[in-house]
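All values below were derived from every heavy atom in this structure, side-chain atoms included, with hydrogens, water molecules and symmetry-related copies excluded. Quick caveat, the model's predicted, so the values are computed rather than measured. Read the numbers this way: they start at 1 and go in the same order the structure lists the ligands and their atoms.
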Amino acid sequence: MSKRFYISTPIYYVNGAPHIGHAYTSIATDVMARFKRLDGYDVFFLTGTDEHGQKVERAAAEAGLAPLAFADRVSADFRDMADKMGVSYDDYIRTTEERHKRSCAELWRRIAANGHIYLGHYEGWYAVRDEAFYDEGELTTAPDGTKRAPTGAPVAWVREPSYFFRLSAFQEPLLKLYEEQPDFILPAGGRNEVMSFVRGGLHDLSISRTSFTWGIPVPDAPGHVMYVWLDALNNYVTACGFPDPDAPRWKFWPADVHVVGKDIIRFHAVYWPAFLMAAGLPLPRRVSSHGWWTVEGEKMSKSLGNVIEPRTLVATYGLDQVRYFLLREKPFGGDGTISHPALVSRINVELANDLGNLAQRSLTLIARNCAGALPGRGEATEQDAALDAAAGALPALLRERLDRQAFHEGLEEVWKVIRAANAYIDHQAPWALRKTDLARMGTVLRVLADTLRAIATVLQPFMPESMARMLDQLGVPGEARDLAALALPLPDGTALPPPVGVFPRYVENEA
Ligand code: ME8
């Protein structure tokens with residue numbers, strides 16, 4: 001296979017339990033990965049956990065566990081979350097693995113050999129919660145008089161010997177990268193922010209710490225562990241087998257898309273390409289960042305007690321329903337809020353009514369009036385041709401929307417066709433044709449079945465289980481469910497199993 005696609009999620013810190021924000025990133029990335037597989041690509045989809053650094057060390061101490069034992073537990077929980085959310089990752093990396101330690105040591109050596117690392121002293125502000133350094137000018141003072149990072153995280157003054165990365169040397173190369181590859185950073189707002197940050201001047205970056213030990217040792221520098229972001233970012237090449245050029249997965253590097261939340265765009269769009277340039281490695285093609293979820297308009301936080309556990313949400317509303325909601329409710333790059341009424345409305349109006357009823361009505365009519373077999377088509381009317389054309393355009397439309405991570409636009413394109421198909425069935429009234437024109441009824445039902453097949457095919461990445469069931473009911477064999485197969489009509493007379501509803505309505509629990 002010649003077409004390749006490598007996509008990643010961030011690797012999640014194991015300092016706390018997974019929540020809906022993590023699940024969202026992973027599901028969006030999963031939709032991309034599944035879509036590319038459907039479109040004939042050889043896909044490598046990477047996710048995992050970020051396990052070193054002071055933040056994790058502290059959380060482990062609070063839990064009364066050794067850092068690794070703690071990381072084992074939380075990493076397994078993140079993995080379980082990914083599995084329960086239908087995240088079809090190809091590799092699950094943990095930064096405490098041997099392969100990653102080897103890879104980080106080699107990355108360090110290459111950057112050092114190219115003259116981009118020097119020993120100095122770090123003195124400045126550090127926020128453990130963000131695992132990030134801040135300049136004095138970026139800080140604010142909280143009501144209690146303590147200094148805060150722009151993210152609100154408390155900062156502390158740190159003074160220790162440290163290795164530095166010559167980030168300042170990469171200002172021009174980075175600006176050139178953003179200019180030459182305008183879609184290196186999506187969306188445009190994120191790109192503008194990053195560009196003005198880089199134009200403002202880059203300081204050299206402290207990349208080792210000596211005041212704690214929970215990290216990857218710096219080669220030949222006793223007492224120093226690597227800055228957790230250098231360690232973490234490097235996971236993306238470790239998983240491709242770096243530094244072994246013969247590793248089977250090395251062919252996937254550079255990555256096509258790193259999916260990240262907007263909180264960590266700077267690390268991915270500034271530090272990461274600079275590290276790679278310094279090491280002489282190819283750069284990823286894109287960093288695509290998404291906006292923030294709040295809960296009924298409020299920031300999710302432990303103190304407010306409104307943190308949403310993705311697995312609980314799935315138990316209440318259903319997996320595909322939650323996946324659909326997350327990708328439909330807000331534009332990828334923008335912010336959005338999760339609420340019960342919004343979920344119920346998407347589920348009952350768009351899934352149960354618009355799509356579920358369309359399928360159920362069409363398939364029931366076929367079951368009752370065509371002996372449960374796919375009818376053949378007669379001569380096409382203008383209306384038939386219009387609906388065929390709309391359905392036929394879906395793969396290309398989705399390809400274009402998803403190539404820029406515009407998931408909600410892609411879904412809107414599908415719903416335009418669903419609405420057109422609902423108008424078509426109402427207007428054509430195949431239930432009435434049964435008494436007047438059996439051949440025409442067959443044609444109408446076949447047009448609907450073919451439209452539903454196209455819809456269900458392109459929706460598979462979003463709602464894999466439900467769409468598999470819909471394709472079963474439409475008589476589409478397993479090997480005919482990718483985008484290319486849509487060009488080949490199913491044989492007339494294909495036997496269809498008895499129809500069963502795919503999307504139940506959400507009914508409020510009176511209690
Ligand atoms: O930053 N809405 O890990 P992390 C949407 N280990 N997405 C959210 C969210 C919200 N409210 N809250 C979190 C790290 N996220 C580093 C990454 S990568 C080399 C290292 C998502 O556990 C979003 O994707 O803090 C964000 O970027 C990520 O969780 C941060 O996860």
Side chain, backbone, both or neither: Y236 near ligand 1, heavy atoms under 4.0 Å = side chain
Taking only heavy atoms of T25, which atoms of ligand 1 are found under 4.0 Å from at least one of them?
-> 21 (C), 23 (C), 24 (O)
Does the cation-pi check pass for R285 over F184, that is, NZ or CZ under 6.0 Å from the six-membered ring centre and within 45° of its axis?
-> no
Write out the residue and atom name of the closest protein heavy atom to atom 17 (C) of ligand 1, then the distance separating them to 0.1 Å.
-> I11 O, 3.2 Å
Short N/O distance, under 3.5 Å, between I264 and ligand 1?
-> no
Find out whether the Lys NZ or Arg CZ of K330 is both under 6.0 angstrom from the six-membered ring centre of W293 and within 45° of the ring's axis.
-> yes
With under 30° as parallel and over 60° as perpendicular, where do the rings of F275 and F165 fit, or are they tilted in between?
-> perpendicular
Mind checking whether K55 has an N or O less than 3.5 Å away from an N or O of ligand 1?
-> no
Cation-pi between R209 and Y126: NZ/CZ under 6.0 Å from ring centre and within 45° of the ring axis?
-> yes
Evaluation steps, ring pair (Phe, Tyr, Trp, His ring centres under 6.0 Å), between Y317 and H340 = CA-CA 10 Å; Y317 300 100; H340 175 70; 5.7 Å; yes
About how many Å separate OG of S8 and CG of L233, when rounded to the nearest 0.5 Å?
-> 10.0 Å
Enumerated ligand 1 atoms positioned under 4.0 Å from heavy atoms of D50 = 6 (N), 16 (C), 20 (C)
Would you mind running through ligand 1 and noting each atom that sits below 4.0 Å from a heavy atom of A232?
-> 19 (C)
Indicate yes or no: does an N/O atom of L233 lie under 3.5 Å from an N/O atom of ligand 1?
-> no
Determine whether the side chain, the backbone, both or neither of H290 has a heavy atom under 4.0 Å from any heavy atom of ligand 1.
-> side chain
What distance separates M467 CE from T457 OG1, expressed to the nearest 0.5 Å?
-> 10.0 Å
Is the shortest N/O to N/O distance between D263 and ligand 1 below 3.5 Å?
-> yes
Would you say W293 has any N or O atom under 3.5 Å from an N or O of ligand 1, going by distance alone?
-> yes
Nearest candidate to atom 12 (N) of ligand 1, where distance is taken over non-hydrogen atoms, out of H22, E131, H19, M300 | H19
Does ligand 1 have any atom that is closer than 4.0 Å to a heavy atom of F267?
-> no
Under 4.0 Å from one or more heavy atoms of G291, ligand 1 contributes atoms 5 (C)
OH/Y163 to CD1/I117 distance, rounded to the nearest 0.5 angstrom?
-> 9.0 Å
Shortest heavy-atom approach to atom 10 (C) of ligand 1 - which of W292, W272, Y12 | W292
Should H408 and F332 be marked as a ring pair (Phe, Tyr, Trp, His ring centres under 6.0 Å) after you check the CA-CA gap, both sets of side-chain angles, and the distance that decides it?
-> CA-CA 7 Å; H408 76 297; F332 188 61; 9.5 Å; no
Give the intermediate values and the outcome of salt bridge (Lys or Arg N to Asp or Glu O under 4.0 Å) for residues D77 and R311.
-> CA-CA 11 Å; D77 197 33; R311 288 161 288 195; 2.9 Å; yes
